[in-house]
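Down below is the structure, laid out as structure tokens.
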Protein chains: 2
Amino acid sequence: MKRARTEEAKDARRQVLLDAALDEFFERGFTAARTHDIAERAGLSKGTLYLYFDSKEALFSELIESLTSPNLARIDEIAATSPSALDAIDRFTGFASHLVRTSDLPRLMKVLIGDSQHFPETMKRYREEVLERVLGAIGSVLEAAKSRGEIVVGDPHLTARLVIAPVLFSGIWQAMFGADPKAQVDLEALFGEHARLLRRGMETADVRDGDHA
Amino acid sequence: MKRARTEEAKDARRQVLLDAALDEFFERGFTAARTHDIAERAGLSKGTLYLYFDSKEALFSELIESLTSPNLARIDEIAATSPSALDAIDRFTGFASHLVRTSDLPRLMKVLIGDSQHFPETMKRYREEVLERVLGAIGSVLEAAKSRGEIVVGDPHLTARLVIAPVLFSGIWQAMFGADPKAQVDLEALFGEHARLLRRGMETADVRDGDHA
DNA sequence: TATAAATAACTGACCAGTCAGATATTTATG
DNA sequence: CATAAATATCTGACTGGTCAGTTATTTATA
């Protein structure tokens with residue numbers, strides 16, 4: 001193999017290994033995935049993998065980090081810049097649809113769930129720094145809208161979970177059955193209907209009259 | 001160990017092994033779980049486990065079967081006996097809340113997701129005979145109600161997925177973080193709000209005026 | 001040629017499944 | 001009723017194979 005001598009070349013190599021790791025972890029689960037196969041998929045040998053990552057588990061941690069942090073920023077941005085809660089919901093569901101259809105998130109979710117109790121510390125951090133943060137952002141938007149009388153909901157922070165739930169559902173469906181043509185789902189339509197139901201379910205009576213399409 | 005000579009005693013022994021298997025599969029994942037530990041947890045030796053099940057995988061298959069079939073019957077019953085779709089939704093969400101809070105379903109879901117690609121055949125069957133059947137039952141109820149003009153929805157079979165989504169979300173949450181007191185969720189309130197949002201999101205304008213509590 | 005990167009053979013630990021022998025329970029017989 | 005033979009259940013040491021991580025050696029390149 002051609003050698004990576006510069007820092008950029010090394011970063012590229014790390015990325016190739018991370019990509020290969022996601023493929024293998026997804027296809028076999030963390031425990032069953034072989035470091036030999038990850039390295040081979042990246043066009044390298046097992047020994048080389050250990051030059052770039054301390055252990056299989058370290059590789060896993062870095063994989064999570066590299067796949068989640070960009071999306072978190074986007075969630076915060078939506079929460080901060082939406083003029084109304086109903087608007088934020090449309091944007092959240094649109095982003096969710098995009099994530100589930102085109103990103104690595106569904107495959108990561110599957111791996112995370114499958115090997116969660118092997119890494120209690122990692123999972124706790126993931127929950128606190130990713131899930132609770134996303135739920136918190138959505139919950140706050142709903143809470144503010146509720147106090148302005150813009151929407152009618154029970155506990156906004158519980159409701160945030162209902163906003164998110166279809167992301168997990170369709171992400172997992174996609175990851176598990178996406179390969180089978182018989183199990184295809186029109187995700188844009190699904191998230192469209194989700195947004196419609198939420199809007200209609202939350203909007204106040206007076207908004208109701210001039211209903212949406 | 002006292003010996004199981006009668007058929008009933010053997011059935012009981014199978015059940016003890018199935019219970020132990022769920023515990024171990026859940027705690028370590030299918031691949032990482034040791035048959036030795038399953039047997040030990042059941043108060044038996046590894047050799048005995050293999051008198052009752054052909055292989056680790058056969059044990060897994062029987063576990064799925066034993067945990068899903070009772071719930072399926074209940075879903076069909078709700079679909080068949082509910083006077084209206086709005087009523088059926090209340091009953092579905094109530095049953096879902098019950099399942100997530102008190103049954104083994106969340107732990108089974110976690111194991112199934114984690115080791116799905118190890119058993120493509122089992123997973124396909126599970127999708128077709130459990131998931132599609134539940135989605136079909138709910139979808140049909142919605143479809144009938146829509147054609148009666150009782151509710152307003154887009155594609156009823158897509159909407160069925162939105163009805164189910166919080167079951168997966170909270171089941172997985174429960175399985176992964178249920179042990180941590182900081183991550184507790186009021187599931188009854190969650191499913192209550194879910195039912196409320198769905199009802200309000202689907203009901204026709206004329207029903208709207210006399211709104212629910 | 002010096003040195004950093006890459007390799008592949010190696011080690012030690014682990015585990016599914018097997019099987020020969022041990023033991024609990026039932027059944028036949030005096 | 002006693003006990004020995006028969007039977008089915010149970011056990012755990014063993015085998016064959018796997019794999020994470022290490023290291024001695026080779027090789028690219030500045």
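Quick caveat: nothing in here was measured; it's all calculated off a predicted structure. Here is the naming used below: chain letters follow the sequence lines, and residue numbers restart at 1 for every chain.
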Which whole-number value in Å describes the distance from [X] [atom1] to [N] [atom2]?
| X | N | atom1 | atom2 | result |
| --- | --- | --- | --- | --- |
| B/Tyr50 | D/dC14 | OH | C1' | 15 Å |
| B/Lys56 | C/dT18 | NZ | P | 14 Å |
| B/Glu24 | C/dC15 | CD | P | 11 Å |
| A/Leu59 | D/dG21 | CG | C1' | 13 Å |
| A/Leu17 | D/dA20 | CG | P | 14 Å |
| A/Glu57 | D/dC19 | CD | P | 19 Å |

Could A/Lys56 and A/Phe30 be counted as a cation-pi pair, given that NZ or CZ must be under 6.0 Å from the ring centre and within 45° of the axis?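 Yes - A/Lys56 lies over the ring of A/Phe30, closer than 6.0 Å to its centre and within 45° of its axis.
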
If a protein heavy atom is under 4.0 Å from the base, mark B; if only from the sugar-phosphate, S; if neither, -; do that for nucleotides 2-8 of chain C going 5' to 3'. --BBBBB

Could you point out which residue of B/Tyr126, B/Phe53, B/Phe119 forms a ring pair (Phe, Tyr, Trp, His ring centres under 6.0 Å) with B/Phe60?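 Of the listed options, the one satisfying the test is B/Phe119.
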
Counting only non-hydrogen atoms, which of residues 31-38 of chain A are less than 4.0 Å from DNA chain D?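 By residue number: A/Ala33, A/Arg34, A/Thr35.
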
For residues B/Leu72 and B/Glu129, report the shortest heavy-atom separation together with the two atoms involved.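 Minimum heavy-atom contact is CD1-O, 3.5 Å.
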
List the atom of A/Met176, the atom of B/Leu112, and the distance in Å for their closest heavy-atom pair.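 Looking at all heavy atoms of both residues, the shortest contact is CE-O, 3.9 Å.
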
A/Asp104 and A/Arg107 ion-paired at < 4.0 Å: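 A salt bridge links A/Asp104 with A/Arg107.
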
Cut-off 3.5 Å, side chains only: do B/Asp115 and B/Thr31 have a donor facing an acceptor?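 Side chains of B/Asp115 and B/Thr31: pair found under 3.5 Å.
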
Is a side-chain donor-acceptor pair under 3.5 Å present for B/Gln15 with B/Asp11?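 Side-chain D/A pair, B/Asp11 to B/Gln15: absent.
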
Under the criterion salt bridge (charged side-chain N to carboxylate O under 4.0 Å, His left out), which of A/Glu62, A/Glu7, A/Glu65 is the partner of A/Arg14?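 Result for salt bridge (charged side-chain N to carboxylate O under 4.0 Å, His left out) with A/Arg14: A/Glu62.
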
